[in-house]
K.L.:
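One structure follows; several queries about it will come next.
In what follows, chains carry the letters A, B, and so on, assigned in the order in which the sequence lines appear, proteins first and then strands, with residues in each chain numbered from 1.
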There are 2 protein chains.
Amino acid sequence: MVKILIVDDEPDILEFLRYNLEKEQFVVFSAGDGITGFQIAKKELPDLIILDIMMPKMDGVELCRLIRADDHLKNTLITFLTAREEEYSQIAALDVGGDDYITKPIRPRVLISRIKALLRRKHKGSAEMEKETWLEFGNLRIDKEKVMIIKNGEQIDLARKELELLMLLVSKPGKVFSREEIFNKIWGNDVIVGNRTIDVHIRKLREKIGDDFIKTIKGIGYKFDF
Amino acid sequence: MVKILIVDDEPDILEFLRYNLEKEQFVVFSAGDGITGFQIAKKELPDLIILDIMMPKMDGVELCRLIRADDHLKNTLITFLTAREEEYSQIAALDVGGDDYITKPIRPRVLISRIKALLRRKHKGSAEMEKETWLEFGNLRIDKEKVMIIKNGEQIDLARKELELLMLLVSKPGKVFSREEIFNKIWGNDVIVGNRTIDVHIRKLREKIGDDFIKTIKGIGYKFDF
DNA sequence: ATCGATATTAATTAAATGTTAATTTTAAAG
DNA sequence: CTTTAAAATTAACATTTAATTAATATCGAT
């Protein structure tokens, strides 16, 4: 018996998920807010928790932190639900300890297969997590899996936006990303931030990883280069 | 040219969408009901169809099914329009094959960026195996995707105008572009710049990529040649 | 609720790019 | 071979765009 807890403030989504999961023989619990969700989780010890990122009272990211901090729950699988399609904002979710994320609109078949894959992976254990998948640029190593930046052997802590920015640029080394592209991918379609915000993040990034990696192409954008 | 079909029974919304989409250079078709919508879709084969879920005669969900069942239309992108309250109660609609949904009230900026994201995703998806899309002329490689010029393996950074100019010339190698043509394409019809401006940019370009690619046809214009 | 870290904004400075104008060179036509 | 219109070149100047900085706002952990 596999128990799944869904935490979302929209009743329609709860119902929709419950319907589809129960059709697959999962045992479903649900909660309409983070606090209730946490209580149920502690009581039922589900195998997987599906968390909406955007919720009133306590959002998904915060609840995730709580769960990861709880001795009985810390190893529970967590899948985030996010409205954004931009993958780099989802790094934030994974950074905080999520195991997967699913974007709305939710496709039942996708949902189910992702969940099954997660459960399978969990059971197999972390045996295959050994695969070292990092990128190396001179003295800079970028470990996408572990979300870790190492420079000259020293680990560097990047703030969230810095990390997202770096990951975006590094995803296609050499490619020039226009400001607009960066906005869309990192901030999302509907967020509007000022014009100089990117510059500031770029500067902080350069401060931390060194000036030689991120190049400005004036009038066009930025690129990661080595 | 990107064609978009809007199907909605409310004339106000049709007009509103048309205005905003045409402002973005999309070619817009519209229909006031599902049946007409389907007919237009079959005739025009649009790239994207925006469907109101709630409509008389044939609702959006039903039309979506029809579209997905039609050989010529089955891969067309579909975005649903939903009122906020019905948001997820109609989620079945997405299972039926919608690619996205947008909630009313519609914010133009959000609408546009969502649509562009969808189209981008579609194109990326159909490209599948990362087909390398560059042009090669002797020791010069032009990678439009990465906005990258490589000469003898060395990467060259071009300023914006230089890049635009090169891209224009390269778009039809061998064709002679008159000065007037170049002005119209790069500066636009209403901007007036002096006569020698092009020369200067041409010179800088030649300085960077080498003298052998851009030929002057005195009295007529310039061409990219190899 | 508070403190420290992170994110954003706004104002200023710096730098690269773009344009103009004056001058020299080129090449096509007579 | 000259003439002449067009293009190349050059350097000064203007404009645009990015970097920097400091101040303010927001977030998140305690």
Side-chain angles (χ1 to χ4, degrees), chain A residues 34 53-70 88-89 91-93 95-97 149 156-166 169 176-180 182-183 186-188 190-208 210-223, chain B residues 147 156-166 168-169 176-180 182-183 186-188 190-208 210-223:
Chain A
I53 287 193
M54 298 278 278
M55 282 188 299
K57 284 197 213 176
M58 185 192 295
D59 76 11
V61 175
E62 201 169 332
L63 177 51
C64 179
R65 279 204 197 89
L66 262 185
I67 290 166
R68 288 295 180 235
D70 183 294
Y88 295 95
S89 299
I91 286 176
D95 194 23
V96 127
I149 315 297
I156 297 175
D157 292 324
L158 297 183
R160 183 153 308 152
K161 280 281 185 290
E162 290 158 20
L163 186 74
E164 291 175 39
L165 192 46
L166 178 60
L169 295 178
V176 180
F177 290 83
S178 71
R179 276 152 183 279
E180 195 185 346
I182 295 174
F183 276 129
I186 293 187
W187 275 265
D190 17 300
V191 181
I192 296 164
V193 295
N195 209 319
R196 297 290 113 219
T197 301
I198 285 182
D199 306 45
V200 177
H201 288 294
I202 288 276
R203 178 175 151 272
K204 291 193 193 149
L205 237 186
R206 293 210 255 233
E207 227 162 52
K208 289 187 182 174
D211 282 348
D212 313 325
F213 297 105
I214 297 170
K215 204 163 184 188
T216 304
I217 313 298
K218 212 155 173 157
I220 306 181
Y222 296 93
K223 69 177 172 182
Chain B
V147 193
I156 297 174
D157 293 322
L158 298 182
R160 188 159 63 190
K161 280 281 185 290
E162 291 157 19
L163 188 76
E164 290 177 60
L165 193 46
L166 178 60
L168 175 61
L169 296 178
V176 181
F177 290 84
S178 70
R179 276 152 182 281
E180 196 187 345
I182 295 174
F183 277 129
I186 294 188
W187 278 264
D190 31 309
V191 181
I192 297 163
V193 294
N195 209 320
R196 296 293 110 217
T197 301
I198 283 182
D199 305 46
V200 177
H201 288 295
I202 289 276
R203 179 178 150 269
K204 290 192 194 154
L205 236 186
R206 293 210 255 234
E207 223 163 55
K208 289 187 181 174
D211 284 347
D212 314 325
F213 296 104
I214 298 170
K215 278 218 171 83
T216 304
I217 314 298
K218 211 163 167 142
I220 306 181
Y222 298 92
K223 69 174 173 180

K.L.:
How would nucleotides 11-23 of chain C be written as a contact map, 5' to 3', with B for base contact, S for sugar-phosphate-only contact and - for no contact, using protein heavy atoms under 4.0 Å?
P.N.:
B---BSSBBB---
K.L.:
What is the distance, rounded to the nearest whole Å, between atom CZ of A:R65 and atom C1' of D:dA29?
P.N.:
8 Å
K.L.:
Ignoring backbone atoms, test whether A:T216 places a side-chain nitrogen or oxygen under 4.0 Å from the OP1 or OP2 oxygen of D:dT17.
P.N.:
no
K.L.:
Rounded to whole angstroms, how far apart are CZ on B:R203 and C1' on D:dA7?
P.N.:
13 Å
K.L.:
D:dA6, OP1 or OP2 - any side-chain N/O from B:R179 closer than 4.0 Å?
P.N.:
no
K.L.:
With side chains defined as the heavy atoms from C-beta onward, is the minimum distance between A:L165 and A:R160 less than 4.5 Å?
P.N.:
no
K.L.:
Please tabulate, for side-chain N and O atoms in residues 211-221 of chain A, each donor-acceptor pair with protein atoms closer than 3.5 Å (sequence neighbours left out).
P.N.:
residue: A:K215; atom: NZ; partner: B:D157; partner atom: OD2; Å: 2.8
residue: A:T216; atom: OG1; partner: A:R206; partner atom: NH2; Å: 3.2

K.L.:
State, with a plain yes or no, whether a side-chain heavy atom of A:V200 is found less than 4.5 Å away from one of A:I202.
P.N.:
no
K.L.:
Provide, to the nearest angstrom, the distance between the NZ atom belonging to B:K223 and the C1' atom belonging to D:dA7.
P.N.:
17 Å
K.L.:
Using only side-chain N and O atoms of B:Y222, determine if any of them is under 4.0 Å from OP1 or OP2 of D:dA6.
P.N.:
no
K.L.:
Rounded to the Å, how far apart are B:I220 CD1 and C:dA27 P?
P.N.:
15 Å
K.L.:
How about B:W187 and B:I182: do any of their side-chain heavy atoms sit closer than 4.5 Å?
P.N.:
yes
K.L.:
I would like to know whether B:K223 and B:L169 meet side-chain contact (heavy atoms from CB on, under 4.5 Å); could you show each step before the answer?
P.N.:
CA-CA 6 Å; B:K223 69 174 173 180; B:L169 296 178; 5.8 Å; no
K.L.:
Whole angstroms only, please: what is the CD1-P distance between B:I202 and D:dA8?
P.N.:
7 Å
K.L.:
Whole angstrom is fine here: how far is it from CZ in B:R206 over to P in D:dT10?
P.N.:
13 Å
K.L.:
Does a sphere of radius 6.0 Å around CD in A:E207 hold more than 12 heavy atoms from other residues, nucleotides or ligands, not counting ones at 6.0 Å or beyond?
P.N.:
yes
K.L.:
Determine the sole option in B:T197, B:L205, B:I198 for which the side-chain contact (heavy atoms from CB on, under 4.5 Å) test with B:H201 is passed.
P.N.:
B:T197
K.L.:
Rounded to whole angstrom units, what separation is found between the CZ atom of B:F183 and the P atom of D:dA7?
P.N.:
11 Å
K.L.:
Taking atom C1' of D:dA8 as reference, at what distance in whole Å does atom CG of B:L205 sit?
P.N.:
15 Å
